[in-house]
Amino acid sequence: MNTLAAYTTVCLLITLDARLIPDNYSKERRALLDEETFTAVGGKLHLNEDETIVNDILMKWKMKELNPSYTNPQHFNFSKHYFSYKNDIENSKVYQIIRRMPKGAVLHVHSSLMLHPDVLVKLTYEKHLYACFADDDLRFYFSEATPDRPCLSKWALVSDLRKSSGDPVAFDSQLKNYFTLYKEDGEDYNFVDINTVWQRFNKVYYTIKSLIAYRPAREKYWTETLKQFYKDNVMYIEVRTGLQDLYELDGSRHDKKYLVEVYKNVTAKFIKKHPDFIGVKLIVTKHRALSIEHVLEALNLTRRLKAEMPDMIAGFDLVGQEDIGRPLTDFLPILSEAKDEINFYLHAGETAWLGTSADENLVDAILLGSKRIGHGYALTKHPSLMSAVMKKDIALEVNVISNVVLSLVHDVRNHPLASYIALGLPVVLSSDDPGAWSAEPVSHDFFVAFMGVASKHADLRLLKQLALNSITYSALEDESKTRLFEVFNKRWDTFVRDVISDECLLDTSVS
Ligand SMILES: *[C@@H]1O[C@H](CO)[C@@H](O)[C@H](O)[C@H]1NC(C)=O
Ligand SMILES: *[C@@H]1O[C@H](CO)[C@@H](O)[C@H](O)[C@H]1NC(C)=O
Ligand SMILES: *[C@@H]1O[C@H](CO)[C@@H](O)[C@H](O)[C@H]1NC(C)=O
Ligand SMILES: *[C@@H]1O[C@H](CO)[C@@H](O)[C@H](O)[C@H]1NC(C)=O
Ligand SMILES: [Zn+2]
């Protein structure tokens, strides 16, 4: 282009600008966008000087890692299955910042599926452990002699099987496959339908459950789980548990209260070593496919345990695949009767369907006074329910990676969390069953939500508000909540200082 042509083009643009764009258009445009930023989760937070520096560092890396995808979307990891990029996550600078960030509390996790499969494999080195491999399934039992219980093949000591395999490493990696849906070089999970993936998920659950029903194994399991969550900067956990009966080596069984005591004692021991860990509360669960009688029994149990150990019991929930389980309306009489005595934290709307009973569980969760809603994935499709959630300040426990692995959403840019954040709904992030997909306790979920779901512009304020929400919407008593806020603030300041000083080191080493 010659200079004259260039000159003319520029002039033309200027005149066009002047003619078509009203004086205050850009002001109005800015005002609309600012209003949305202000409304969104974290939009009202004010960052201090140091936090602003951290935010600049965070956003610099975020843009560096995301920008190439806007023009080459085929490289955008978060529109693929979590398993396809899981092992690359730790290389991300954004992730490294998120990993060290204090998360506050984790409020939606299931007791048997919290621990990484590598640690579960270590638990199989415990003495007296028998295994029954049959029909692509695996069950464990601890016993002095060969277990006198049904097995489609035959019970064998794990130590013997490992030895006779001739290749303990291969044996262990085979074992690990029974503990998680994630397989190295595994099949493409992208288009596995929801029922199939839930069947595999349930298999993993029953295998692990059989391993940790033995009292000493359960104590180790819980200690290791606390270690991992603490390392991931989680300071308090609410655990959903069906409270299975534990047994001893001689086959004697404990009652359900005993497991609550195990949680309490093991956690107390952990807190002795790590005084800034606040603790654990349990949400008692029952499977939603069971009878009304069974659920009533569980409600009675919850009531009794809450009376005996009030600091340990947060409330009650129904679990299991919602699409094929009983709707909440089946249990309405007994749930209504219990709702003034027991706090509910109900799973609802964990479905991709619209207008089904799983979808409409959202209505009942709200009417039954659920304190928080587990998933609430279908909520965006219900404007009236959404305003009820807002008005009643019911927190949504969102588990993005779980929704991908359990086949509700395939490209997380389409996850409803984006709308919940934009509307400023009371959202908390959690991880549901991180062990079942070999994820970190909750950092992977924060990372995927921040990079894959939230706006390009979402920054440190979103991350901080999500962590703060997890404390605000926890079942902690006022005093403990205040302590958790104190611990959080202290750790947050350290986090901010550390990110800044690391970046300074990086700068000087480069120059
Ligand atoms: C822009 O101009 C219109 C018409 O004069 C006025 O109503 C509106 O308030 C202005 N908007 C801003 C953001 O100043
Ligand atoms: C995305 O995945 C590729 C490899 O599959 C990896 O090189 C890259 O670092 C990943 N990016 C993020 C942000 O995780
Ligand atoms: C828990 O600790 C208390 C007090 O030390 C003890 O009496 C109780 O037997 C313990 N219970 C379990 C299940 O470990
Ligand atoms: C539950 O408790 C109620 C009231 O105490 C009692 O009537 C009922 O029989 C109990 N049901 C079960 C299944 O435990
Ligand atoms: Zn769940």
Task: Y258 side chain near D245 side chain, heavy-atom distance below 4.5 Å - done: no
Open item on the list: Do K176 and D172 have side chains that approach each other closer than 4.5 Å (heavy atoms only, starting at C-beta)?
Closed with: no
Will you find, in the side chains of [X] and [Y], an N or O donor that is under 3.5 Å from an N or O acceptor?
X: E224; Y: H116; result: no
X: E51; Y: N55; result: no
X: Q321; Y: R288; result: no
X: N361; Y: H347; result: no
X: W61; Y: Q96; result: no
X: Y473; Y: D393; result: yes
X: R100; Y: S443; result: no
X: Y95; Y: D88; result: no
X: H444; Y: Y82; result: yes
X: H287; Y: H294; result: no
X: T180; Y: S438; result: yes

Check: [X] side chain, [Y] main-chain N or O, donor-acceptor pair, under 3.5 Å:
X: K103; Y: M101; value: yes
X: S430; Y: H108; value: yes
X: K203; Y: D137; value: no
X: Y420; Y: T380; value: yes
X: D445; Y: I401; value: yes
X: S210; Y: R139; value: no
X: T351; Y: Y377; value: no

Do [X] and [Y] sit within salt-bridge range, that is, some charged N less than 4.0 Å from a carboxylate O?
X: E397; Y: R240; result: yes
X: R253; Y: E248; result: no
X: R491; Y: D276; result: yes
X: K93; Y: E65; result: no
X: E503; Y: K60; result: yes
X: D255; Y: K257; result: no
X: E297; Y: K286; result: no
X: K86; Y: E440; result: no
X: K264; Y: D311; result: yes

Task: Sequence-distant partners of F277, ring pair (Phe, Tyr, Trp, His ring centres under 6.0 Å), two or more places apart - done: F270
Which class fits the ring pair [X] and [Y]: parallel under 30°, tilted 30 to 60°, perpendicular over 60°?
X: Y230; Y: H274; answer: tilted
X: F201; Y: W198; answer: perpendicular
X: Y214; Y: Y247; answer: tilted

TODO: Check each of K64, K62, R99 against V94 using the side chain to side chain contact (heavy atoms under 4.5 Å, CB included) test, and report the only one that passes.
DONE: K62
Open item on the list: When you measure from the centre of the six-membered ring of Y236, is the NZ or CZ of R483 closer than 6.0 Å and no more than 45° off the axis?
Closed with: no
- [ ] Would you please test K127 and E144 for salt bridge (Lys or Arg N to Asp or Glu O under 4.0 Å) and show each step?
- [x] CA-CA 9 Å; K127 263 198 210 144; E144 205 104 52; over 6 Å; no
- [ ] Calculate, to the nearest 0.5 Å, the distance between atoms CZ and CG belonging to F495 and N489 respectively.
- [x] 13.5 Å
Task: Heavy atoms of other groups near E90 CD, more than 12 under 6.0 Å - done: no
Open item on the list: Using side-chain contact (heavy atoms from CB on, under 4.5 Å), reason through V404 and H81 one step at a time and then give a plain yes or no.
Closed with: CA-CA 7 Å; V404 170; H81 196 282; 4.2 Å; yes
- [ ] Run the numbers on E238 and R372 for salt bridge (Lys or Arg N to Asp or Glu O under 4.0 Å), then give the verdict.
- [x] CA-CA 12 Å; E238 285 177 19; R372 303 189 300 258; 2.7 Å; yes
